[in-house]
Amino acid sequence: MKLKQTLLTLSVMAATVAPAFAGEVEVLHWWTSGGEAKSVAALKGMLEEQGHSWKDFAVAGGGGESAMTVLKTRAVSGNPPSAAQIKGHDIQEWGGLGFLTTLDDVAAEEKWDDNVPSMVTDIMKFNGEYVAVPVNVHRVNWLWANPAVFEKSGAQVPTTLDEFFVAAEKIKAAGFIPLAHGGQAWQDATVFEAIALDVLGSEDYVKAFVDLDMDVLGGEKMVEVFAKFQKVHDYIDSNSPGRDWNVATSMVINGEAAMQIMGDWAKGEFTAAGKMPGKDYVCVPAPGTAGQFTHNVDSFAFFELDDKESQMAQKALAATILDKDFQEVFNLNKGSIPVRLDMDMSKFDQCALDSMATFKESATTGDLVPSMAHGMSTTSYAQGAIYDVVTNFFNDSSADPKEAASKLAKAVKAAM
Ligand code: BGC
């Protein structure tokens with residue numbers, strides 16, 4: 001008995017023994033909801049298995065605005081974390097300021113260029129060198145629906161905006177909240193861009209939010225986007241201001257509300273609550289956007305650090321993020337799809353399989369577009385200008401769609 005125990009202790013010690021360069025990684029992120037926390041715990045666990053230690057630097061706040069503010073303060077005072085959840089255009093902005101370190105050696109060893117699509121790796125590179133590692137691909141243009149609420153209301157899950165308004169009326173009349181929403185700028189922008197994708201179409205969406213084309217930003221079709229966005233406001237509840245996105249998701253989970261327009265991190269909440277897709281909830285493309293894919297690639301950028309142990313731990317973290325086992329467990333919890341193209345998808349549900357199929361297909365049709373609301377399409381300055389116009393408009397019931405479109409163009413121009 002004693003021997004058995006000693007052997008067990010020894011094998012546990014062997015498994016957790018520290019590598020030659022055990023270090024600490026301090027990781028800044030904003031993954032604090034139920035599904036998000038489970039996902040990030042998988043990364044912590046896998047890093048600790050390798051003998052490194054994880055210092056959690058979580059800054060709550062969906063969409064990451066608060067996290068970015070805290071990160072700036074830390075970096076400017078000369079004390080950046082090892083890695084931070086930074087994505088899209090922000091990677092270039094941080095790279096340009098000289099804060100980031102190269103990961104090219106890890107990338108070459110782990111063959112990132114061969115296993116991750118170039119449309120993603122391009123975002124991760126600054127001046128041709130890897131400074132960030134992608135974690136996943138989120139699809140943003142989803143509608144999450146509670147089928148029981150639809151049934152009780154005698155409504156159909158909508159596939160177009162017109163159908164959405166018809167269903168929303170019935171749901172409202174039946175005493176449910178049609179659309180669960182959190183009144184925060186990034187959530188307003190998430191719903192706005194889904195409507196823009198439908199009304200403008202992929203080509204003009206790109207002209208507006210990537211090229212910052214004034215004619216489209218201030219044009220007739222944008223007026224229509226604002227008009228429909230305003231109509232959506234009729235179907236949210238009066239307690240929505242300030243509400244967190246995951247609280248809105250829980251309203252769909254518990255049957256208080258029928259729908260939420262949100263990226264597939266919402267699926268992480270359904271999963272964490274033990275709900276089954278196709279039974280307890282359904283995932284369909286946001287109204288009018290079937291075949292289109294608004295992408296949001298989460299990634300960690302790595303900061304330049306001095307000591308060797310920290311650098312080794314950073315490299316271990318970078319390699320782990322693109323490890324196949326991690327990609328599987330993380331994305332199953334997070335609601336996203338793996339960013340590697342060579343993954344076995346057999347454990348993934350129908351929402352993830354649909355997402356993967358649309359991701360691949362939309363890349364060939366011009367319907368794979370970057371999310372404005374999640375920092376993938378343009379600079380943080382232009383994004384901030386769009387957020388302001390969109391949020392102010394949404395919160396003012398007497399606002400004029402025509403004026404809003406012209407304000408949008410002017411605000412973006414001033415931020416360019
Ligand atoms: C991030 C997701 C996150 C969501 C809510 C998005 O911007 O990309 O990873 O779950 O915000 O916090």
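Just so you know, ligand 1 is whichever comes first in the structure, and atom 1 is the first atom listed for that ligand.
Using a cut-off of 4.0 Å between Lys/Arg side-chain N and Asp/Glu carboxylate O, Glu109 and Lys315 are scored as not salt-bridged. Between Asp113 and Lys125 there is a salt bridge, with a side-chain nitrogen of the basic residue lying less than 4.0 Å from a carboxylate oxygen of the acidic one. Note on Glu328 versus Lys324: no salt bridge recorded, every NZ/NE/NH1/NH2 to OD/OE distance being 4.0 Å or above.
For the pair Phe126/Trp94, no side-chain contact is recorded, criterion being any heavy-atom separation below 4.5 Å from C-beta on. Lys334 has its side chain within reach of Asp298: a pair of non-hydrogen atoms, C-beta onward, lies under 4.5 Å apart.
Scanning the protein for heavy atoms near atom 9 (O) of ligand 1, the closest one is Asp298 OD2, 2.6 Å. In terms of protein heavy atoms, atom 12 (O) of ligand 1 is closest to Glu36 OE2, 2.9 Å. The shortest contact between atom 2 (C) of ligand 1 and any protein heavy atom is with Lys334 NZ, 3.5 Å.
In summary, the atoms of ligand 1 found under 4.0 Å from a heavy atom of Gly63, numbered by their order in the structure, are 5 (C), 7 (O), 11 (O), 12 (O). The Asn296 neighbourhood of ligand 1 comprises atoms 1 (C), 6 (C), 7 (O), 8 (O), with distances under 4.0 Å to a heavy atom of that residue. Below 4.0 Å from some heavy atom of His138 lie the following atoms of ligand 1, by number and element: 9 (O). Near Lys87, meaning under 4.0 Å from any of its heavy atoms, are these atoms of ligand 1: 1 (C), 6 (C), 7 (O), 8 (O). In summary, the atoms of ligand 1 found under 4.0 Å from a heavy atom of Trp245, numbered by their order in the structure, are 5 (C), 12 (O).
For Gly61, no nitrogen or oxygen atom sits less than 3.5 Å from a nitrogen or oxygen atom of ligand 1, counting backbone and side chain alike. Looking at ligand 1, you'll find an N or O of Trp30 within less than 3.5 Å of one of its N or O atoms. The N/O atoms of His374, backbone and side chain alike, include one that comes under 3.5 Å of an N/O atom in ligand 1.
Ligand 1 has no atom lying under 4.0 Å from any heavy atom of Gly64.
Because its NZ or CZ atom is both nearer than 6.0 Å to the ring centre of Phe165 and within 45° of the ring axis, Lys231 counts as a cation-pi partner of that residue.
Without hydrogens or angle criteria, Asn395 side chain to Thr391 main chain gives a donor-acceptor distance under 3.5 Å.
Residue His138 is tested with Asn331, Asn296, Asp264 for a side chain to side chain donor-acceptor pair (under 3.5 Å); the sole match is Asp264.
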